[in-house]
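The structure under discussion appears below in the form of structure tokens.
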Amino acid sequence: MSRLEIRDLAAGYRRRPVVSGVSSTVDTGGWLSIIGPNGAGKSTLLKAVAGLLCHTGDVLVDGRRTASLRRRERARTLAYAPQIPQLPLGLTVTDYVLLGRTPHLGPLGREGRSDLDVVDELLARLDLSHLAGRSLHTLSGGERQRTVLARALAQRAGVLLLDEPTTGLDIGHAQSLLDLVDDLRTELGTTVITTLHDLTLAAQYADELLLLSNGTPAAHGTPAEVLTPETLNTHYAARTTVLHTPNGTPVITPTRLDRPDFSGNPTPDFH
Ligand SMILES: Nc1ncnc2c1ncn2[C@@H]1O[C@H](COP(=O)(O)OP(=O)(O)OP(=O)(O)O)[C@@H](O)[C@H]1O
């Protein structure tokens, strides 16, 4: 069970408030996606929920304040993958992903067969098996991104916090990753919070969206409730058309301004 509750959370940097007034509950196995324009405070909110940033308000998992958890217990409760990770160069992909198993290791700190099995399975699911022995600094951007996510998933925490997990991934790898996260919530009851810029993907995978605008919640609800052309225009200054798949999921398409139609007009004289 991993029911996540955020109560009146506020956070910022050097006394400059960036995010405030955020309250939300994500049930066990639920998926909340935080959306909003650049600089709205999405990463700041996720870092605060992960306990990596000073904040006011509370974050509770199954009724327990995460701030009161010991480090190891916290790592079993919350796994966080940052948008821009600092990688310890020199490690291989396998060794790096194995670091995600640290909170589960016994007193001698040695990984066992079950830890290696978890890692092998994740490498296979994220199309990384052929890179298992490669040094991190030789990976492409998308390979590195998938490796960082594999480490977070290896933690097998009850709550997964993923900051822009599809950044730099092609459409197929992005889909495999989100499918894998979706499977974890079905199989293990993992509770998921992601930030996502791709609103169509956010609508396809998340149960609920929280739209942040200037650091405060501007809309909160199902994808169909939040993703309207009016809301996107107000908060993103974007021109969009919202289509729907046969099952009613919104598909967001940017709409280009009309261009003058020169067909039939006399050729302009540039001389
Ligand atoms: N370490 C920091 N120190 C000071 N200000 C910061 C720091 N990190 C972020 N900020 C500021 O906080 C605000 C929110 O940033 P944040 O990264 O949370 O936004 P975001 O919604 O995730 O943006 P993006 O979509 O561009 O990734 C921005 O104005 C940003 O400049």
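In listed order, ligands and their atoms are each counted from 1. Excluded from the calculations below are hydrogen atoms, water molecules and symmetry mates; all remaining heavy atoms, backbone and side chain alike, are included.
Between Gly36 and ligand 1, no pair of N/O atoms sits closer than 3.5 Å. Backbone and side-chain nitrogen or oxygen atoms of His197 are examined, and one is located within less than 3.5 angstrom of a nitrogen or oxygen of ligand 1.
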How far apart are the C-alpha atoms of Asp58 and Arg65, what are their side-chain angles, what is the distance that settles it, and do they pass the salt bridge (Lys or Arg N to Asp or Glu O under 4.0 Å) test? CA-CA 7 Å; Asp58 280 321; Arg65 290 180 63 241; 2.9 Å; yes

When you look at Asp207 and Arg185, which way does the side chain to side chain contact (heavy atoms under 4.5 Å, CB included) test go after all the steps? CA-CA 12 Å; Asp207 306 316; Arg185 67 193 194 122; 3.1 Å; yes

One pair to check against side chain to side chain contact (heavy atoms under 4.5 Å, CB included): Leu232 and Ile252. What are the steps and the verdict? CA-CA 10 Å; Leu232 298 176; Ile252 313 304; 3.7 Å; yes

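Per-residue contacts place Thr44 under 4.0 angstrom from the following atoms of ligand 1 (heavy atoms of the residue considered): 14 (C), 15 (O), 16 (P), 18 (O). Of all atoms in ligand 1, numbered sequentially from 1 with element shown, those under 4.0 Å from a heavy atom of Gln83 are 27 (O). Near Asn38, meaning under 4.0 Å from any of its heavy atoms, are these atoms of ligand 1: 23 (O), 24 (P), 25 (O), 26 (O). Set against the non-hydrogen atoms of Pro37, the atoms of ligand 1 under 4.0 Å away are 21 (O). Taking a cut-off of under 4.0 Å to the non-hydrogen atoms of Lys42, the atoms of ligand 1 that pass are 18 (O), 19 (O), 20 (P), 21 (O), 22 (O), 23 (O), 24 (P), 25 (O). Numbered from 1 in the order shown, with element, the atoms of ligand 1 that lie under 4.0 Å from a heavy atom of Val18 read 12 (O), 13 (C), 14 (C).
Scanning all protein heavy atoms for the shortest distance to atom 9 (C) of ligand 1 gives Tyr13 CE1, 3.5 Å. For atom 17 (O) of ligand 1, the closest heavy atom belonging to the protein is Ser43 CB, 3.7 Å. With hydrogens left out, the protein atom closest to atom 28 (C) of ligand 1 is Gly39 O, 4.0 Å, a heavy atom. The closest protein non-hydrogen atom to atom 31 (O) of ligand 1 is Arg16 NH2, 4.2 Å.
Under a 4.0 Å N-O distance rule, the pair Lys42/Asp163 does not qualify as a salt bridge. A salt bridge links Asp120 with Arg113; the closest basic N to acidic carboxylate O contact falls under 4.0 Å. Look at Glu73 and Arg71 and you find no salt bridge, because none of the NZ, NE, NH1 or NH2 atoms lies under 4.0 Å from a carboxylate O.
Within 6.0 Å of CG in Asn214 there are 12 or fewer heavy atoms belonging to other residues, nucleotides or ligands. The number of heavy-atom neighbours closer than 6.0 Å to CD of Glu187, taken from other residues, nucleotides and ligands shown, is above 12.
Interatomic distance, CZ of Arg151 versus CG of Leu91, reported as 9.5 Å (0.5 Å rounding).
Here atom 19 (O) of ligand 1 lies nearest to Gly41 when heavy atoms of Gly215, Gly41, Ala48 are compared.
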